[in-house]
Amino acid sequence: DSGSVVPYPSLVAQSESTQRNTSKSGSASTAAMGTSSSSSSSASALIISACDKAGMEGIDRTRVDEIIMRESAGSVYMKQQQKRDQNVNVKIDELKQKLAAKDYSMASINSNATSWRRAGEHALEPIIDELVQSRPRRSTCVVVDMDGFYISCELLSRPPELGNLPCCVGGNMITTSNYVARRYGVRAAMPGWIGDKLVEELSNGKERLIHIPSNFDLYTRKAHIIRGALAEYDPNLRAYSLDEAYLDIGPYVDLRVGRGWSHERVVATLASTSKHSCEDKEHVDEEVGNEEEFIHCNVDISAIAAVVKEMREKVKVATGGLTCSAGLASNFMLAKIASDQNKPNGQKVVGPSHKEVLEFVHPLSVRKVPGIGRVMEKMLNAFDIHIVHDLYKERALVQFLFKPASARFLLRASLGWSNDSLDPSAPEDDEVGSSSSASGQKGISKERTFSAGKSWEELNSKLEDVCRSLSQSMVEKNIKAHTITLKVKLHTFDVITRAKTMPRGIVLQNADQMIVEMTEMLLNVKRQHKGTFSVRLLGVRCSNFQGDEERSQDSGQMDISKFISTCSPIRASHNSLVHSTGTTKMTSRIEKKVDFAQKGAQTDAQVKNTDISSFFSKEKGWNKVEEFETAQVLDSGTNSTHALHSVDPGNVSSVPASR
DNA sequence: GGGCCCGGAGTCG
DNA sequence: TTCCACGACTCCGGGCCC
Ligand SMILES: Cc1cn([C@H]2C[C@H](O)[C@@H](COP(=O)(O)OP(=O)(O)OP(=O)(O)O)O2)c(=O)[nH]c1=O
Ligand SMILES: [Mg+2]
């Protein structure tokens, strides 16, 4: 359609209260008609407990939502959520105006308000082609996620009958619940008393939610056992959290299934080769064969699935009964999504072909994509994008609406092939790029919530406690930091942070030193703040670790002119850095890394014609019709260094200056 | 132009 | 009667500096 064009100037800011969700099922262009987007219900859509998590299928979520809303109605917390919600609505309306302006200007030239999208889609074709081309051809990425981890750990050492009752870990705040409790809508990040209410009311008073205090050490111990079991299958596994691990079992299945080796022999080989570097690499090549053989080793996917099943069983035995679920796919984004599909105690395989990938990912809610949270979901929904397929269908619109990094991420997600850093589910495949400090940790923090309305003296006392506690952790971990940040949460739930980076040569670890800085900062915050200074949380964070900066040769200061003019080898930093840092793994691993993170070298040819942001952003002056019709996204000499397929440049290029 | 710093926000488990 | 954590990471925009 699109015949009718909205006069741009008529788009006045909508009053948020007047929406009635007019944008039924019309295409996103309906949204462009200026009807205020914004959510339908007055309740903040950001907080209702979307019962879409594992173990919560088919429960009467209307009643759950009703109880939750009733329990939190009018609370300060709720008011804060509504404020957030309103801010998102404002953002949405801004985007809609931006879109309307685009359609309008296009229409004035072309008499067709939305044809620019076709052109945009056309411009995306080569990029999509390349992404599809570079897709891994095997499903050997595994995400293992423990079922109800904390609560399962707790129930292990308790009478089994307890497992049939609704249980959770945490008192005032629930960190997780068992699957019985989930049937009542009780879930992580829910305050305890709401969980109580849910169970009480939805069981008609027959049951009560059982709270078990948290025992973090227990979970940490179990986590180590789990990793030990999993490491047999991939010694280079990434532990994303206590209960979640990312593995590439390609090498394992090649030897175990492809070569028919025994489990023990495979484990021994992998273990001996993964650890160290160059010498071992040759050793591996002898023992394992060359990489072509590796790659073309066509292992039946059901055989890989069988390996995963066996692996899960080993975890269960090693932990004394903890179950886990797993996803098996050709990349970690898909594997992560898949790991949730057959929870608990199940697994899901996604084949590597383009067809299989799309069949899997397209019907899913965009919310399933790791990295798309409540806010992004709401924004997408406002443009009638609900499932991943919509994300693909509206790819031109998405490219136009969002910032390059987000747009890139969303496009890749819509193709089932994402490893952007916006997606935290893709842990870096190792130590090459970032922080030389052993753990790779970038910050450490401590924060405490207490009843609001404390006196000034009490506040300072709390702050000292937090500082001392943090300091102790830093001593234990041998961490010294350059930057310290104070966090203050007011009784309204508004958060204020203030940071200070110490002068050269001064480093933070000592408690008294931190206390000095923090108390001064707190005083400043208090002075700046107008209105009653009623605090419910104080926190301290240290970052910018000493030893994290390291190699920053060439610290000499240059004349400013050099900075501005000579901008030649922007992109060289990528390749050369990856190269020069020296990767120390066996060939097959490196191969893998290219598949996973696409960090390998890119040819200049690849770099060309890939920055589509310039195509959609009118700031660059690309919004004239001619360009759209020729649809060439040329580019480039400029800043188009981050192509859609180049991933997470931040990580590789983050070599901070010396301090 | 690009790096670092700061503060706000979003996301995850 | 009340009552919504904590630790970690990333990105973005604005300011300052070379
Ligand atoms: C989501 C979440 C988890 N956690 C902790 C408790 C969880 O047991 C642990 C792992 O998180 P999850 O894997 O998200 O949850 P889960 O393992 O308890 O349940 P399942 O995977 O079967 O759906 O992390 C929090 O402390 N806060 C949170 O908000
Ligand atoms: Mg889990």
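All values derive from a computational prediction rather than experimental measurement. In what follows, every heavy atom counts, from backbone to side chain, and hydrogens, waters and symmetry copies are set aside. Proteins come first, then strands; the chains are lettered A, B, ... in the order of their sequence lines, and each starts at number 1.
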OP1 or OP2 of B:dG8 under 4.0 Å from side-chain N/O of A:K83 |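 A:K83 to B:dG8 OP1/OP2: no side-chain N or O under 4.0 Å.
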Do the side-chain N or O atoms of A:K197 get closer than 4.0 angstrom to the phosphate oxygens (OP1, OP2) of C:dC3?
-> no
Are A:D340 and A:K348 ion-paired here, with the side-chain N under 4.0 Å from a carboxylate O?
->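 Salt bridge absent between A:D340 and A:K348.
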How many Å lie between [atom1] on [X] and [atom2] on [N], as a whole number?
X: A:R187; N: B:dC12; atom1: CZ; atom2: C1'; value: 12 Å
X: A:R70; N: C:dT2; atom1: CZ; atom2: P; value: 14 Å
X: A:Q80; N: B:dG8; atom1: CD; atom2: P; value: 13 Å
X: A:M379; N: C:dC11; atom1: CE; atom2: P; value: 16 Å
X: A:Q86; N: B:dA9; atom1: CD; atom2: C1'; value: 17 Å
X: A:L486; N: B:dC5; atom1: CG; atom2: C1'; value: 17 Å
X: A:K368; N: B:dG13; atom1: NZ; atom2: C1'; value: 15 Å
X: A:I496; N: B:dG8; atom1: CD1; atom2: P; value: 7 Å

Ignoring hydrogens and angles, tell me if any N or O in the side chain of A:H482 forms a donor-acceptor pair with the backbone of A:N544 under 3.5 Å.
-> yes
A:D85 and A:Q82: side chain donor to acceptor below 3.5 Å |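 Distance-only check fails for A:D85 and A:Q82.
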Between A:E476 and A:Q472: side-chain donor-acceptor atoms closer than 3.5 Å | yes
For residues A:L522 and A:F533, determine if any side-chain heavy atom of one lies less than 4.5 Å from a side-chain heavy atom of the other.
-> yes
Contacts of A:L242 and A:K91 projected onto DNA chain B by closest heavy atom; the upstream (5') one is A:K91
Would you kindly compare A:D145 and A:V495 by the position of their nearest DNA chain B nucleotide and give the one closer to the 5′ end?
->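 Final value for this comparison: A:V495.
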Identify the pairs formed between an N or O of the protein and an N or O of nucleotides 4-8 of chain C at a distance under 3.5 Å, and give each distance.
residue	atom	partner	partner atom	Å
C:dC4	OP1	A:R536	NH2	2.1
C:dC4	O2	A:Y77	OH	3.4
C:dC4	N4	A:S72	OG	3.3
C:dA5	OP1	A:R536	NH1	2.8
C:dC6	OP1	A:T449	N	3.2
C:dC6	OP2	A:T449	N	3.3
C:dC6	OP2	A:T449	OG1	2.4
C:dG7	OP1	A:R448	NH2	3.4
C:dG7	OP2	A:E447	N	2.7
C:dA8	OP1	A:Q441	NE2	2.9
C:dA8	OP2	A:S445	N	2.6
C:dA8	OP2	A:S445	OG	3.2

Check the pair A:K336, A:E244 against salt bridge (charged side-chain N to carboxylate O under 4.0 Å, His left out), reporting the backbone distance first and the verdict last.
-> CA-CA 10 Å; A:K336 178 163 175 52; A:E244 207 167 312; 2.8 Å; yes
Pairs satisfying side-chain hydrogen bond (donor to acceptor under 3.5 Å, both in side chains), at least one member in residues 212-227 of chain A, at least two apart = A:E154-A:Y219
From the list B:dG8, B:dC6, B:dG13, which nucleotide is the closest neighbour of the side chain of A:K336?
-> B:dG13
For C:dA5 versus B:dC12, give the span between their C1' atoms, rounded off to a whole number of Å.
-> 14 Å
